[in-house]
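Take a look at the structure below.
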2 protein chains.
Amino acid sequence: MSNDLNATHDPNLRSWVETANVAGCDFPIQNLPFGRFRPAGSNEPFRIGVAIGDRVLDLEAAHVLEHSDMNLVMSASPAERAALRALLSEDLREGSPRQNHWELALYAQADVEMALPCTIGDYTDFYTGIHHATTVGKLFRPDQPLMPNYKWVPIGYHGRASSIGVSGQRFKRPHGQTKAPDAEAPSFGPSKRLDYELELGFFIGEGNAQGEPIGIAKAEQHLFGVTLLNDWSARDLQAWEYQPLGPFLSKNFATTLSPWLVTMEALAPFRARSFDRPAGDPLPLPYLDSDVNRHTGGLDITLEVWLQTPKMRDAGVPATRLTRSNAAQAAYWTAAQLVAHHTVNGCNLQPGDLLGSGTLSGPEPDQAGSLLELTLGGKNPVALPNGERRTFLEDGDTLTLRGYCERKGAVRIGLGEVSGTVF
Amino acid sequence: MSNDLNATHDPNLRSWVETANVAGCDFPIQNLPFGRFRPAGSNEPFRIGVAIGDRVLDLEAAHVLEHSDMNLVMSASPAERAALRALLSEDLREGSPRQNHWELALYAQADVEMALPCTIGDYTDFYTGIHHATTVGKLFRPDQPLMPNYKWVPIGYHGRASSIGVSGQRFKRPHGQTKAPDAEAPSFGPSKRLDYELELGFFIGEGNAQGEPIGIAKAEQHLFGVTLLNDWSARDLQAWEYQPLGPFLSKNFATTLSPWLVTMEALAPFRARSFDRPAGDPLPLPYLDSDVNRHTGGLDITLEVWLQTPKMRDAGVPATRLTRSNAAQAAYWTAAQLVAHHTVNGCNLQPGDLLGSGTLSGPEPDQAGSLLELTLGGKNPVALPNGERRTFLEDGDTLTLRGYCERKGAVRIGLGEVSGTVF
């Protein structure tokens with residue numbers, strides 16, 4: 001089985017879907033991410049597809065699956081998942097006898113509408129970006145930017161599943177309570193400090209029974225794959241509400257995901273060392289530590305943030321890049337450590353549960369994954385190519401996250417993109 | 001329609017199910033709570049039932065419903081809900097022509113197994129118990145027990161839905177990181193400060209669309225009903241992990257609910273003034289305030305906590321009551337205010353979503369809804385009738401919450417009970 005999986009990464013593989021063979025494509029035959037789609041404008045139920053080049057393969061029409069329940073696909077064992085990946089890889093290759101049949105099951109991505117990749121039961125957002133935690137901590141708590149627990153506990157909190165949407169999500173600017181430091185009482189109104197957060201979303205495959213923790217050695221087997229995640233945040237609401245139980249209305253009005261779930265198998269060539277702890281940092285406690293995790297727990301994914309304002313859109317100015325960072329260099333804790341930590345108390349994870357990475361800012365100021373960081377709390381506006389400036393998001397702004405993996409000797413794997421617009 | 005509803009509260013109503021007419025019964029014909037059940041020991045799918053006396057009426061077998069989807073029942077409009085209640089009340093009354101048919105759809109509660117009353121999408125836990133917040137705040141932050149936001153913001157945070165279980169839940173003592181104040185580093189092991197929390201669970205009926213807040217005037221219409229909720233808490237894990245993003249593993253290993261969902265309609269005779277704010281407290285902001293809410297936003301529900309240790313069980317010593325409090329006197333914010341606050345930023349609630357009240361401790365020390373409060377952080381053990389003492393829960397302890405409404409001129413309405421055992 002592992003031989004089959006290795007074969008699916010072979011850089012020489014070419015697909016009979018020609019657009020999958022174009023250099024720089026997000027979805028070559030080495031990727032094979034899952035999503036849920038239907039013909040744009042139709043009312044058909046969403047069904048499971050695999051992205052290949054600029055097409056989607058309908059897995060039911062291709063007789064690969066007999067259902068459209070992505071959570072069921074995700075609950076499969078690692079061996080079953082590997083077999084499915086091997087089958088898709090073989091039959092999408094140049095020369096496959098299945099080409100004639102499967103061509104009838106292809107849609108142009110431009111012609112389909114995407115849903116969230118699966119039903120999300122519980123959503124947990126972590127806080128693994130140590131550069132983010134440090135910079136933001138300085139703004140909220142100048143005397144103690146990183147809490148004493150940060151290097152011991154993978155800090156996380158529960159998020160809201162109902163308001164998670166797929167790329168293209170448009171949401172109203174949230175209203176709520178805010179209080180200026182010098183004001184006697186809070187006031188109510190629209191958020192004036194609306195921000196994004198650059199995150200990865202890790203999806204759980206096989207779950208665990210309540211009371212049965214997942215050890216660090218098996219944690220990777222319970223990860224199904226990865227999307228981009230934008231954790232929209234109303235900073236002024238957050239500052240007033242977050243003590244003592246954490247962020248609530250400042251985060252739960254909307255969260256946006258990219259539509260294509262890139263599997264852990266597809267990311268295998270892009271594994272990296274876990275975060276290099278500086279001298280003096282404690283070793284992880286044994287339940288969070290393993291050789292494999294140290295050597296390959298990280299994900300070498302390049303992440304980018306792009307912004308287009310309404311004025312830019314009207315003038316035909318393309319989106320401008322605000323940030324580029326790298327997941328492996330940003331995250332103090334690996335996805336496997338998040339799974340081990342989340343379940344060590346007996347908490348049960350279920351197929352389709354979502355774990356957010358937290359904001360993945362790099363160590364340099366221009367690698368920051370939020371406006372809060374880029375503008376130092378709104379003090380230093382970002383200059384845009386058309387002369388506009390931004391401290392926080394304004395109505396009509398469209399924010400796009402992109403992610404991709406590039407390494408010598410491997411074919412580029414893209415995560416696609418996630419866009420969202422506030423109005 | 002309102003006439004029909006008033007008629008369902010008539011204290012003179014008697015049911016042809018004789019046990020429903022016994023004084024002190026939790027489930028008289030004025031109650032009619034919903035639950036999901038199946039014959040004990042069977043593998044049948046759970047179906048929707050209504051508790052009446054010591055029986056359960058199977059709503060599908062009685063031809064009242066044609067499905068077993070409780071969330072669908074909960075999504076009905078207030079008028080549809082009132083009609084269903086009126087129908088159940090009329091046909092369970094003495095002299096109903098339906099008696100002969102419906103007797104065939106009855107099960108003894110002793111012979112059935114209960115599930116959670118519905119599928120819970122998102123679970124939010126609030127912190128409305130001001131006496132609890134003050135006492136606990138003193139333990140965690142002696143200099144500032146109540147945060148400056150407490151009397152302005154109904155503080156809440158997202159909880160974990162997957163680990164919520166129904167009365168009878170047994171769970172393993174959670175393991176995790178704890179750190180003694182004087183220790184250099186945290187250590188890993190079983191929680192030594194395992195606690196319960198006495199809460200109500202409010203269930204959402206009709207939901208709202210994302211971006212469309214529910215105003216305070218309409219908030220009650222979106223509440224379907226109430227259960228008892230035990231928010232098990234590992235205090236030592238909580239103290240180490242909760243900053244800056246709130247409680248996580250200290251809460252999400254298990255949460256237990258009573259099986260019978262008592263509707264807001266059944267509770268109508270037991271509405272009370274909302275919390276009497278002491279002089280000097282601010283008025284709620286307009287989006288949280290209404291005359292109706294001030295006058296009838298509260299719930300006059302008596303709440304009790306009972307404990308039975310393994311030694312008591314073995315010796316035939318019945319459970320002993322640790323606490324008695326009252327929801328209306330404990331909660332600074334009403335359920336309607338929680339709904340208005342939760343959605344004011346555009347967050348969407350869905351049928352079956354659960355809002356926890358937070359720990360409903362009364363103002364007196366013996367009205368405390370957790371051991372953390374009763375024992376002043378573990379310093380003053382509670383003495384049990386068999387000579388044992390408890391600071392926190394020990395293995396095998398069974399904790400039971402009970403709730404009921406009693407008022408002159410109205411028939412007693414019970415919430416039943418929720419039990420859980422740590423092992």
For this session: List in chain and number order the residues that pass salt bridge (Lys or Arg N to Asp or Glu O under 4.0 Å) with A:Glu197, two or more places apart in sequence or in another chain; answer none if no residue qualifies.
Result: A:Arg235, A:Lys251

Exercise. For the rings on B:Phe188 and A:Tyr287, is their centre-to-centre separation under 6.0 Å?
Worked result: yes

For this session: State yes or no: are the ring centers of A:Tyr332 and A:Phe126 separated by less than 6.0 Å?
Result: no

If you tally heavy-atom pairs under 4.5 Å against chain B, which of [options] wins?
options: A:Arg173, A:Lys179, A:His175; value: A:His175
options: A:Pro186, A:Ala254, A:Gly207; value: A:Pro186
options: A:Pro247, A:Gly176, A:Gly137, A:Gly156; value: A:Gly156

Exercise. Got a sec, which residues hit ring pair (Phe, Tyr, Trp, His ring centres under 6.0 Å) with A:His222, two or more places apart in sequence or on another chain?
Worked result: none

For this session: List in chain and number order the residues that pass ring pair (Phe, Tyr, Trp, His ring centres under 6.0 Å) with A:Phe423, two or more places apart in sequence or in another chain; answer none if no residue qualifies.
Result: none

Problem set entry | Exercise: identify the closest heavy-atom pair between A:Asp236 and A:Lys192 | OD2-N, 2.7 Å

Exercise. Which heavy-atom pair separates B:Pro244 from A:Tyr242 by the least distance, and what is that distance?
Worked result: O-CD1, 3.6 Å

Under a 4.5 Å heavy-atom cut-off, does chain A meet the side chain of [X], its backbone, both or neither?
X: B:Phe171; result: neither
X: B:Asp353; result: side chain
X: B:Leu146; result: neither
X: B:Ser191; result: neither
X: B:Ala234; result: neither
X: B:Gln169; result: side chain

Considering only heavy atoms and a distance below 4.5 Å, find which of [options] pairs most often with chain A.
options: B:Tyr123, B:Trp152, B:Tyr127, B:Tyr157; answer: B:Trp152
options: B:Ser187, B:Gly121, B:Ser162, B:Gly211; answer: B:Ser162
options: B:Met147, B:Lys172, B:Arg160, B:Arg141; answer: B:Arg160

Exercise. Looking only at heavy atoms, which of residues 340-350 of chain A get nearer than 4.5 Å to chain B?
Worked result: A:His341, A:His342, A:Val344, A:Asn345, A:Cys347, A:Asn348, A:Leu349, A:Gln350

Problem set entry | Intermediate values then yes/no, side-chain contact (heavy atoms from CB on, under 4.5 Å), A:Leu249 and B:Val153 | CA-CA 10 Å; A:Leu249 297 190; B:Val153 181; over 6 Å; no

Problem set entry | Residue pair B:Tyr150, B:Thr134: steps toward the side-chain contact (heavy atoms from CB on, under 4.5 Å) verdict | CA-CA 10 Å; B:Tyr150 188 86; B:Thr134 306; over 6 Å; no

Problem set entry | Region of A:Leu285 that comes under 4.5 Å of a non-hydrogen atom in chain B | side chain

Problem set entry | Spacing of A:Thr255 atom OG1 and A:Leu229 atom CG [to the nearest 0.5 Å] | 6.5 Å

Problem set entry | B:Thr178 side chain reached by B:Leu237 side chain, heavy atoms, under 4.5 Å | yes

Exercise. Donor-acceptor pair, A:Asn149 side chain versus B:Gln243 backbone, under 3.5 Å?
Worked result: yes

